[in-house]
There are 2 protein chains.
Amino acid sequence: MFIQINFESDVPIYEQLKNQIIIGIAKKELAPGDRLPSVRKLASDIGINLHTVNKAYKQLEEKGFLIIHRQKGVIINPDGPPQADETYTKTLKETLLPMIAELELRGIDKINLLSIINEIYEQLEVDRDE
Amino acid sequence: MFIQINFESDVPIYEQLKNQIIIGIAKKELAPGDRLPSVRKLASDIGINLHTVNKAYKQLEEKGFLIIHRQKGVIINPDGPPQADETYTKTLKETLLPMIAELELRGIDKINLLSIINEIYEQLEVDRDE
DNA sequence: ATATATGTTATATTTGTAATATAACATAAA
DNA sequence: TTTATGTTATATTACAAATATAACATATAT
């Protein structure tokens, strides 16, 4: 499995899980319809509690990235990821505003930012097998 | 004062404070050397506890945005904001990666993102008096 | 001198979240 | 009938956010 948890991080474990699954989908390492490990399996692989995995799965289901079936298990939504709506875009802007304010003050101008963003897009596109 | 706290938000109050002060500096509503309200004054204006304001101030001092003097009070760092270093840039990229992954999946492509970012830069430049 | 205002320190309490630990449940599939 | 799935329930531990009070040290104003 591609999951790697940093137990020193101040990012909660269930958030790290959500992030890595979303990144996995974006990198196409996980395709619509693909199955994810059971909550017990992933929990024991990583060495964490089943409820922590369940929390991540449930929140990704709530957002529309995953489909959870009581007996069959968990799969990547076959209909593809949820699309951005007004609410999502509004929240995104509210998140970006203070980030960009700080970034600007710290001397990272728009050009620098765009180059960082390009770098991240490359990370998401290239790594087909890693 | 320009501070407006959303008590419904899941963003902690002290984080909202930090964000709004940084945005204030970026918009040049607050200039280097400008004085901020005392912890007690701001706390009572907003209707929160003095320690919550103090926590925000201390963390901004720690980052280099503010100078705190035991008797004179709190001012915006006269030497200007702290500049980005390697650590900051690394953390920034780690924050952006999952954001951009989700955004991409949701159908917001690079062009859309750049237009959102431009919109935010405008917000930071225009509002000289509001 | 005295009072005032500053940030600071200390202690305690309440509330909520993250994470874990155990156990049991319902049910499709083997 | 067994196994594996997610689900639900209960409890516990650890920590963070926010508050409440009180006292402290000290530069500045009166």
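Naming convention: chains lettered A, B, ... in sequence-line order (proteins, then strands); numbering from 1 in each chain. Note that the structure is predicted; figures quoted are calculated from it, not measured.
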Using whole Å, report how far [atom1] of [X] lies from [atom2] of [N].
| X | N | atom1 | atom2 | answer |
| --- | --- | --- | --- | --- |
| B:Arg70 | D:dA27 | CZ | P | 9 Å |
| B:Arg40 | D:dC24 | CZ | C1' | 11 Å |
| A:Gln59 | C:dA18 | CD | P | 8 Å |
| A:Asn54 | C:dA23 | CG | C1' | 15 Å |
| B:Leu50 | D:dA22 | CG | P | 14 Å |
| A:Ile75 | D:dT5 | CD1 | P | 15 Å |
| A:Leu66 | D:dT5 | CG | C1' | 15 Å |
| B:Lys55 | C:dA10 | NZ | P | 17 Å |

Open item on the list: Base of D:dA17, side chain of B:His51 - is there a donor-acceptor contact under 3.5 Å?
Closed with: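 Counting by modelled atom types and ignoring angles, no donor-acceptor contact under 3.5 Å is found here.
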- [ ] Please check if the side chain of B:Arg35 supplies one atom and the backbone of B:Lys72 the other of a donor-acceptor pair under 3.5 Å.
- [x]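 Indeed, once roles are kept as given, a pair shorter than 3.5 Å links the two residues.
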Taking the minimum atom-to-atom distance to the side chain of [X], which one of [options] wins?
| X | options | result |
| --- | --- | --- |
| A:Gln71 | D:dT7, D:dA17, D:dT5 | D:dT5 |
| A:Asn49 | C:dA21, C:dG7, D:dG6 | C:dA21 |
| B:Val74 | D:dA17, D:dT7, C:dG7 | C:dG7 |

Using a cut-off of 4.0 Å on non-hydrogen atoms, how would the nucleic acid contact of [X] be classed: base, sugar-phosphate, or nothing?
| X | result |
| --- | --- |
| A:Ile48 | sugar-phosphate |
| B:Ile13 | sugar-phosphate |
| A:Lys58 | sugar-phosphate |

Task: Presence of salt bridge, A:Lys90 and A:Glu86, under 4.0 angstrom - done: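 A:Lys90 and A:Glu86: not salt-bridged.
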Task: Electrostatic pair A:Lys58-A:Glu61, nearest N-O below 4.0 angstrom - done: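 Here A:Lys58 does not pair with A:Glu61 in a salt bridge, since their nearest N and O are not under 4.0 Å apart.
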Task: Contact under 4.0 Å: A:Ser38 side-chain N or O vs D:dT5 OP1/OP2 - done: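 Indeed, a polar side-chain atom of A:Ser38 lies that close.
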Task: D:dT19 phosphate, OP1 or OP2, under 4.0 Å from B:Thr52 side-chain N/O - done: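 For D:dT19, OP1 or OP2 has a side-chain N or O of B:Thr52 closer than 4.0 Å.
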Task: Other residues, nucleotides, ligands: >12 heavy atoms within 6.0 Å of B:Lys41 NZ - done: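 No, NZ of B:Lys41 has 12 or fewer neighbouring heavy atoms, counting only those of other groups under 6.0 Å.
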- [ ] Find which nucleotide of DNA chain D each of B:His69 and B:Tyr14 is nearest to by heavy atoms, and output the residue with the more 5' nucleotide.
- [x]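 Final value for this comparison: B:Tyr14.
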Task: A:Lys63 and B:Arg106: CA distance, side-chain angles, deciding distance, side-chain contact (heavy atoms from CB on, under 4.5 Å) verdict - done: CA-CA 11 Å; A:Lys63 291 220 243 174; B:Arg106 285 184 180 274; 3.8 Å; yes
